[in-house]
Amino acid sequence: DNATICFLVRCRALIFPLLIREGKPTPFFTFVLALLFCVYNGYLQGRSLSNYAKYPSGWLKDPCFITGFIGWLMGMAINIHSDHILRNLRKPGETGYKIPRGGMFEYVSGANFFGEILEWFGFALACCTIESLAFALCTLFILGSRAKQHHQ
């Protein structure tokens, strides 16, 4: 249900930053913009699902919802596993670039980006709202360009 999905998303958003080892500091302005985007997007998604989206009684058994939910779940699993690999690339005190290995990194160079894109397109398919599709497309364009930069 929506409450479970929101809980899992928030846990990842809150827990992941606490697990990161030393790294480059994030500029304050970038942090504020990201925070504002996440707050606005969370409001937009929550409001659209709670106030405007209308689903038939059997929606949770509909192939569209099931396929979207499975895509969201697979994307989240790929994302979490890829983040784990990235967090553990370097030993404490080590610096320099390292190429991640294992998991989806064996198939795509930006496995964490791929997982998040899959996650939000699955969410969009499960919800079938214009707001969820808009967020999935924003995720694709933003993370797709970051993935291309990382690959190069």
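Note on F141 and L118: separate hydrophobic clusters, where clusters join Ile, Leu, Val, Met, Phe, Trp and Tyr whose side-chain heavy atoms are under 4.5 Å apart, directly or indirectly. By the rule that hydrophobic residues join a cluster once side-chain heavy atoms approach within less than 4.5 Å of another member, I80 and W72 end up as members of one cluster. The hydrophobic cluster containing F69 also contains F135, counting ILVMFWY residues as joined when their side-chain heavy atoms lie under 4.5 angstrom apart, directly or transitively.
By the neighbour-count criterion of 12 heavy atoms within 6.0 Å, atom CG of L137 is densely surrounded, having more than that number from other residues, nucleotides or ligands.
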Name the atoms and distances for all side-chain donor-acceptor pairs under 3.5 Å in residues 57-67, with sequence neighbours left out.
unit_1, atom_1, unit_2, atom_2, d
W59, NE1, A126, O, 3.1
D62, OD1, C64, N, 2.7
T67, OG1, P63, O, 2.7

Listing, residues 101-113 side-chain donor-acceptor contacts under 3.5 Å, not counting sequence neighbours, or none:
unit_1, atom_1, unit_2, atom_2, d
E106, OE2, G102, N, 2.6
S109, OG, H151, ND1, 2.7

Got a list of side-chain donor-acceptor pairs under 3.5 Å for residues 29-41, not counting sequence neighbours?
unit_1, atom_1, unit_2, atom_2, d
N41, OD1, Q45, NE2, 3.1

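When the side-chain contact (heavy atoms from CB on, under 4.5 Å) test is applied to K98, the partners found at least two apart in sequence or on another chain are L89, R90, E94. For R146, there are no side chain to side chain donor-acceptor pair (under 3.5 Å) partners two or more places apart in sequence or in a different chain.
Inter-residue side-chain proximity for E119 and F123 is flagged as unmet; no heavy-atom pair is nearer than 4.5 Å.
The only option from F121, W120, F114 that meets the side chain to side chain contact (heavy atoms under 4.5 Å, CB included) definition with I117 turns out to be F121.
Residues in residues 128-145 take part in these side-chain hydrogen bond (donor to acceptor under 3.5 Å, both in side chains) pairs, two or more places apart or across chains: T129-S132.
N79 places no side-chain N or O within donor-acceptor distance of the main-chain N or O of G75, the cut-off being under 3.5 Å.
Counting all heavy atoms, side chain and backbone alike, L49 lies closest to C127 at CD2-SG, 3.8 Å.
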